Engineer: 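Sending over a structure as structure tokens; questions will come in a sec.
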Protein chains: 2
Amino acid sequence: MVYAAQGDPRRTLSLLWRGDDPPESRPGPRPTLTVDEIIATAVSVADAAGTAGMSMRTVGKRLGRTAMALYTYVADKHELLDLMYDHVHAELTADADPADWRGALTAWAEELWEFYLRHPWVLSISPARPILGPHETAMTERLLRVLQPLDLPSPTLRGVTSAVIFFVQGNARAMADARAAAQDTGQSDDEWWAARAPHLMELAGDFGTRFPLLTRLEADHTPSEGEPYLERDARAAFTVGLGVLIDGIAAAR
Amino acid sequence: MVYAAQGDPRRTLSLLWRGDDPPESRPGPRPTLTVDEIIATAVSVADAAGTAGMSMRTVGKRLGRTAMALYTYVADKHELLDLMYDHVHAELTADADPADWRGALTAWAEELWEFYLRHPWVLSISPARPILGPHETAMTERLLRVLQPLDLPSPTLRGVTSAVIFFVQGNARAMADARAAAQDTGQSDDEWWAARAPHLMELAGDFGTRFPLLTRLEADHTPSEGEPYLERDARAAFTVGLGVLIDGIAAAR
DNA sequence: ACCGACACTTTACGCCATAAGGAGTGGATG
DNA sequence: CATCCACTCCTTATGGCGTAAAGTGTCGGT
């Protein structure tokens with residue numbers, strides 16, 4: 001069996017780390033697009049419609065081009081996704097505060113959480129292996145700067161950084177999923193639950209005795225005002241969980 | 001705009017909570033398949049080829065049927081995925097140990113981590129809203145039992161449970177992605193890095209000074225023996241991170 | 001003036017989920 | 001026993017997807 005070489009690594013890397021070099025003069029018609037334009041358009045399509053709604057055709061159409069025109073600038077869709085992925089990470093800036101690592105870490109995590117809610121499609125790109133772009137790398141470096149005052153040994157530091165990142169991603173994904181569901185189905189959290197609860201009780205009448213702790217936990221909700229309850233839960237869980245995680249990190253010092 | 005009603009909620013729920021009721025006699029030819037058979041086959045396809053390789057056609061073919069034949073048993077692919085999702089969660093059994101909540105929680109998390117590595121496609125199903133199946137519900141209930149000795153207030157408990165689950169999922173995803181990449185590309189972690197490192201150094205010669213902490217952290221690796229290094233990193237990060245998280249939970253008591 | 005590299009297009013292929021409609025089956029009813 | 005029709009399963013078709021292949025026209029370098 002022959003394996004796809006996953007494109008030319010050199011090509012993708014040089015696009016990821018491209019500077020704004022002057023366009024060298026070459027024979028043939030002048031390019032009328034730029035990779036940056038394509039990336040920006042693709043990002044805006046994905047922000048609005050998710051990865052599912054971002055096809056080469058839709059991006060091309062938004063630029064007044066066919067899908068195939070993009071292939072002169074970008075090797076394939078996978079490469080475009082990698083470029084989009086790293087590109088948006090440039091929005092992140094939260095950095096260390098040597099005097100208050102807890103505050104800095106909280107700020108770092110909250111910035112990332114808001115970032116994922118702005119660009120939820122980022123969470124649906126699974127980088128089979130690290131993408132190695134400059135902006136995500138910079139984000140990681142800043143997380144290490146945030147944690148530097150703790151002076152953790154390397155293996156602990158690796159565990160802590162990945163735990164923080166996964167924690168934020170998981171929470172943001174739950175939040176984003178809840179929002180997307182509401183938008184896609186046109187059904188609020190309450191309507192969704194109202195359409196299921198009676199059937200669930202009929203099909204699993206012993207729910208309360210079979211899952212007593214879960215039942216009690218769900219019942220113990222203060223009524224939510226305004227914000228849909230799945231979203232409110234996700235937000236609250238993020239805040240609480242982050243505090244717990246930070247306490248654990250403090251204990252690891 | 002008209003929104004898809006996301007299928008009949010009653011229908012999906014009654015399949016999720018179906019017992020083994022005797023097949024009522026109905027006119028027409030006897031069904032030659034069962035929902036359970038279809039689910040089991042779909043799971044085995046997904047285990048081997050991921051969600052991407054699991055199409056209605058492939059599942060049908062494995063059962064000696066066309067894709068369309070499945071639609072007599074299952075409303076659509078989304079419903080089948082929901083059923084598969086809950087079905088595999090029946091494999092999980094880790095439960096509380098009132099005398100040792102830390103040990104029980106560690107065991108619970110490790111079981112889940114191994115489960116995700118056995119069925120990595122589960123992580124690529126994004127339940128827009130909770131699926132509400134019996135087996136995932138049971139898993140959550142057991143997590144609550146594990147944490148019961150801590151007697152946490154409800155909001156804290158919600159934050160802790162989601163933090164634990166997201167932590168395991170994130171780590172397992174990283175591990176599964178690394179494995180899938182190796183399998184799909186036929187390239188080991190070392191080969192992958194060897195094909196990129198020189199280009200990265202050429203394109204970003206200042207990498208070491210621009211990202212000093214990350215560079216130092218990466219350099220501080222004991223050589224890995226046998227296991228591919230991305231996988232080894234993921235495994236180590238899981239173990240360390242779990243300890244940190246548990247310390248944080250202990251502090252929240 | 002012309003060559004050839006290049007941007008961009010059209011067309012086509014093989015996937016996907018699934019809608020529509022037709023063929024044959026067999027339990028319930030007369 | 002004959003009929004009916006709910007039912008399973010099939011074939012065919014639609015509109016999406018990523019992208020291969022090949023054609024058209026452009027324009028800088030020689």
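Remember, it's a predicted structure, so these values are computed and weren't measured experimentally.
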Engineer: Please enumerate all residues that pass side chain to side chain donor-acceptor pair (under 3.5 Å) together with T161(A), with sequence neighbours excluded.
Structural biologist: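 Partners of T161(A) under the side chain to side chain donor-acceptor pair (under 3.5 Å) test: none.
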Engineer: For nucleotides 26-30 of chain C, print each protein N/O atom paired with a nucleotide N/O atom at under 3.5 Å, atom names and distance only.
Structural biologist:
unit_1, atom_1, unit_2, atom_2, d
dG27(C), O3', S25(B), OG, 3.1
dA28(C), OP1, S25(B), OG, 2.4

Engineer: Applying side chain to side chain contact (heavy atoms under 4.5 Å, CB included), can you list everything that pairs with P130(A), at least two apart in sequence or on another chain?
Structural biologist: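 Scan of P130(A) (side chain to side chain contact (heavy atoms under 4.5 Å, CB included), adjacent residues dropped) gives L132(A), W192(B), L230(B).
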Engineer: Is the shortest side-chain N to carboxylate O distance from E141(A) to R210(B) below 4.0 Å?
Structural biologist: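 So E141(A) does not pair with R210(B) through a salt bridge.
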Engineer: With sequence neighbours left out, write down each residue that passes side chain to side chain contact (heavy atoms under 4.5 Å, CB included) with Q169(A), or none if nothing qualifies.
Structural biologist: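 Q169(A) satisfies side chain to side chain contact (heavy atoms under 4.5 Å, CB included) with Y116(A), L123(A), I165(A), F166(A), R173(A) only.
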Engineer: For DNA chain D, note the earliest and the latest nucleotide, 5' to 3', having some atom under 4.0 Å of a heavy atom belonging to chain B.
Structural biologist: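 On DNA chain D, the outermost contacted nucleotides are dA6(D) to dT11(D).
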Engineer: With sequence neighbours left out, write down each residue that passes side chain to side chain contact (heavy atoms under 4.5 Å, CB included) with R11(B), or none if nothing qualifies.
Structural biologist: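 With neighbours one apart ignored, the set is D8(B), L15(B), A75(B), E79(B).
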Engineer: Can you list everything that forms a side chain to side chain donor-acceptor pair (under 3.5 Å) with R57(B)? Sequence neighbours excluded, please.
Structural biologist: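 None.
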Engineer: Assign a letter to each nucleotide of nucleotides 9-19 of chain C from its 5' end: B, base within under 4.0 Å of a protein heavy atom; S, sugar-phosphate only; -, no contact.
Structural biologist: BB-B---BBBB
Engineer: Apply ring-ring contact (aromatic ring centres under 6.0 Å, His included) to Y85(A) and list each qualifying residue two or more places apart in sequence or on a separate chain.
Structural biologist: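 If we apply the ring-ring contact (aromatic ring centres under 6.0 Å, His included) test to Y85(A), skipping adjacent residues, the hits are H89(A).
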Engineer: Not counting sequence neighbours, which residues clear side chain to side chain donor-acceptor pair (under 3.5 Å) with E114(A)? List them please.
Structural biologist: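 With sequence neighbours excluded, E114(A) shows a side chain to side chain donor-acceptor pair (under 3.5 Å) to no residue whatsoever.
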Engineer: Applying side chain to side chain contact (heavy atoms under 4.5 Å, CB included), name anything that partners R179(A), two or more places apart in sequence or on another chain.
Structural biologist: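 For R179(A) the side chain to side chain contact (heavy atoms under 4.5 Å, CB included) partners, ignoring immediate neighbours, are L117(A), M175(A), E231(A), R235(A).
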Engineer: Under the side chain to side chain donor-acceptor pair (under 3.5 Å) rule, collect the residues that match up with S124(B), sequence neighbours excluded.
Structural biologist: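 With neighbours one apart ignored, the set is T51(B).
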